[in-house]
Amino acid sequence: MVEMGEKCSVVGLFNVPEAAKFAYFGLFSLQHRGQEAAGIASSDGEKIHLVKGRGLVTQVFDGEKLELLTGDSAVGHTRYSTAGEDSVLDAQPIFARYDLGQIAVVHNGNLTNAKEVRRELIREGAIFQTFMDTENLIHLIARSQKSQLYDRIIEALHRIEGAYSLIFLSRRKMFAVRDPHGFRPLSIGKLKEGWVVASETCAFDLIGAEYVRDVVPGELVVFEKGKEPRSIQVFEPTPHKCVFEYIYFARPDSLIYGKSVYELRKAMGRELAKEYPVQADMVVPVPDSGVAAALGYAEASGIPFEMGIIRNHYVGRTFIEPTQSIRDLKVKMKLNPIKEVIRGKRLIVIDDSIVRGTTSRKIVGILKEFGAKEVHMRISAPPTTGPCYYGVDTPTKEELIASKMSVEETRRYIGADTLAYLSIEGLLRSVGNDQSYCMACFDGDYPVEKRE
Ligand code: AMP
């Protein structure tokens, strides 16, 4: 089985003293992108060192472990996967020794032809150590006959398809790559004499780096000591950048594809207020995912914003749990209304998305139980009708409520007085009205087919 549905974070540092410590802080700020496992590989110029394990960044690393990771370049990863294999073997970075030396790689995204390539490699005699699609790359690089690593990376990229924001670390160089569609984000920052590459710019803020630009879709950037980073445009860019980064996934204090996530989330809320106004006493976000959009909705509608629901931050994301009964309980553990605020009131409740419908149904139920007079659910994204093949963790089509129920049926299921979703046009207006986004989970238009 090849593990699918990984939405993760990557970070890389080059020519930065104590690189692994900066990687640690970078990963700490990217923890929301994956809580299952974390790892860092560093290079001291002669040898690559590796520490990885299951759990949060702060659980995997301590002072002693970071001391082992010597050198002034490093790559790091946090991992989030759906179900199945979650042994430490499936944590990243993936490290290998091969004929050119040593290599470590970190990956955010999902390769759509991973099974096919893996089968071919196994037939040719490759022995796989993990279930990760990323391991294909290591085998392809090791088998290549080219004498330079960057040529081998380019050759391997021509065999893979799908979503990849990758950082490779060799003993003396670092390579950052984004697939031609640019499905997943990847930004470059400057830190004193060195360079930082990360999934989101919030990592730069924490370590004091300055955002320079994004890796262009289809671009390979080579970092080498004593030289300016070298750009190789391996593929013609055909941008299909994941719009869900803006809706839910990224942190609001990040720039994604060069734009403020917070500002765009507010714009989605304003659009939603224009498209689906309703008379009510207050706008209440489902924290944290609905907060920015609720501010936008309140601003555009003139209806006051209230934190009518409080989140317990010590509970992991409800999405992770595999069984329905635990998911139900976890929503209650995580979110609790302030009875005194909501009692007798007409509420507009804002969340960013409905996936299975569990969260909305629970929230509407609790709000009504605690005395809300009316609950008008507003979602700052279109209905999620299809799974993602490019690295966002969504369940199968059958489990997506919007793929089997109409809006009216969903409204009845969640028990709201009214329910409305932002339209696809409204979403496009909010994110700058260009055609460079992937919206496959909303419109079914998949830029790359998934191959079994
Ligand atoms: P559900 O309860 O299955 O309808 O899931 C909806 C909730 O999950 C919303 O509060 C979203 O903010 C959140 N959510 C949406 N997409 C994801 C995702 N890929 N991973 C984790 N949580 C998500």
Side-chain angles (χ1 to χ4, degrees), residues 4-9 31-36 78-83 108-110 163 183-184 242-252 261 265 268-269 284-294 309-313 315-335 349-367 377-405 407 409-411 413-416 419 421-422 438-442:
M4 285 293 179
E6 288 164 31
K7 50 174 209 175
C8 308
S9 75
Q31 185 77 79
H32 61 288
R33 297 181 73 89
Q35 300 90 41
E36 189 174 299
T78 63
R79 171 181 155 87
Y80 185 129
S81 85
T82 42
N108 174 206
N110 222 24
F183 282 117
R184 309 254 61 91
C242 170
V243 79
F244 203 66
E245 291 279 349
Y246 285 139
I247 293 167
Y248 168 80
F249 202 22
R251 255 172 62 159
V261 173
R265 274 186 201 161
M268 290 171 207
V284 174
V286 176
D288 294 328
S289 49
V291 172
I309 305 171
I310 297 301
R311 174 170 171 179
N312 181 335
H313 281 102
V315 182
R317 287 183 175 181
T318 56
F319 214 67
I320 311 171
E321 295 300 330
T323 63
Q324 191 64 31
S325 56
I326 299 207
R327 252 195 305 274
D328 287 354
L329 179 69
K330 281 195 88 176
V331 174
K332 256 189 159 160
M333 282 169 71
K334 190 163 91 168
L335 300 167
V349 177
I350 313 274
D351 202 358
D352 68 290
S353 55
I354 296 182
V355 181
R356 295 180 176 88
T358 315
T359 308
S360 300
R361 187 186 165 121
K362 281 279 158 198
I363 284 172
V364 175
I366 300 168
L367 290 169
M377 198 78 199
R378 294 290 179 273
I379 304 298
S380 61
T384 306
T385 48
C388 179
Y389 304 145
Y390 315 123
V392 173
D393 172 32
T394 34
T396 58
K397 194 167 176 65
E398 296 68 48
E399 287 175 277
L400 293 168
I401 193 165
S403 80
K404 52 186 184 195
M405 284 192 199
V407 175
E409 285 166 337
T410 308
R411 181 199 68 74
Y413 175 79
I414 67 172
L419 165 66
Y421 295 83
L422 184 63
C438 174
M439 303 205 179
C441 54
F442 305 129

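Atoms within a ligand are numbered from 1 in the order they appear, just like the ligands themselves. This one's a predicted model, so the numbers in the text were calculated from it and none came from an experiment.
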Is the closest heavy atom of [X] to ligand 1 under 4.0 Å?
X: Thr394; result: no
X: Phe244; result: yes
X: Val286; result: no
X: Ser360; result: no

Using a heavy-atom cut-off of under 4.0 Å, does the side chain or the backbone of [X] touch ligand 1, or both, or neither?
X: Val392; answer: side chain
X: Asp352; answer: side chain
X: Ser289; answer: side chain
X: Val355; answer: both

Atom indices of ligand 1 within 4.0 angstrom of [X] heavy atoms, with elements:
X: Ile354; value: 4 (O)
X: Asp393; value: 18 (C), 19 (N)
X: Arg356; value: 1 (P), 3 (O), 4 (O)
X: Gly357; value: 1 (P), 3 (O), 4 (O)

Inset, instruction - Measure the CG-NZ distance between Asn312 and Lys334 for me, rounded to the nearest 0.5 Å. - result: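 So the CG of Asn312 and the NZ of Lys334 are separated by 10.0 Å.
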Legend entry - Distance in Å, Cys438 SG paired with Glu245 CD, rounded so as to fall on 0.5 Å steps: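 If we round to the nearest 0.5 Å, Cys438:SG and Glu245:CD are 11.0 Å apart.
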Legend entry - Contacts of Glu409 that satisfy side-chain contact (heavy atoms from CB on, under 4.5 Å) - sequence neighbours left out: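 Once residues adjacent in sequence are excluded, the partners of Glu409 under the side-chain contact (heavy atoms from CB on, under 4.5 Å) criterion are Met405, Ser406.
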Inset, instruction - Can you sort out the partners of Arg361 under side-chain contact (heavy atoms from CB on, under 4.5 Å), two or more places apart, ordered by chain and number? - result: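 Checked Arg361 against side-chain contact (heavy atoms from CB on, under 4.5 Å); matches are Tyr413, Ile414.
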Legend entry - For Lys397 against Thr385, the heavy-atom pair lying closest together: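 Heavy atoms of Lys397 and Thr385 come nearest at NZ-O, 2.7 Å.
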Legend entry - Closest heavy-atom pair and its distance - Ser353, Ile379: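 Residues Ser353 and Ile379, closest heavy atoms: CA-CG2, 3.6 Å.
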Inset, instruction - Could you check Ser380 against Asp351 for side-chain hydrogen bond (donor to acceptor under 3.5 Å, both in side chains), going step by step and ending with a plain yes or no? - result: CA-CA 6 Å; Ser380 61; Asp351 202 358; over 6 Å; no
Legend entry - Nearest candidate to atom 9 (C) of ligand 1, where distance is taken over non-hydrogen atoms, out of Ile363, Thr359, Asp351, Thr384: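 Shortest heavy-atom distance from atom 9 (C) of ligand 1: Asp351.
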Inset, instruction - Is it possible for you to check whether Arg33 lies under 6.0 Å from the centre of the six-membered ring of Tyr80, through NZ or CZ, and within 45° of that ring's axis? - result: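 Output no; distance or angle outside limits.
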Inset, instruction - Determine the interplanar angle of the Phe183 and Tyr390 rings, folded into 0 to 90°, and report it as parallel if under 30°, tilted if 30 to 60°, perpendicular if over 60°. - result: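 Ring orientation, 0 to 90° scale: parallel.
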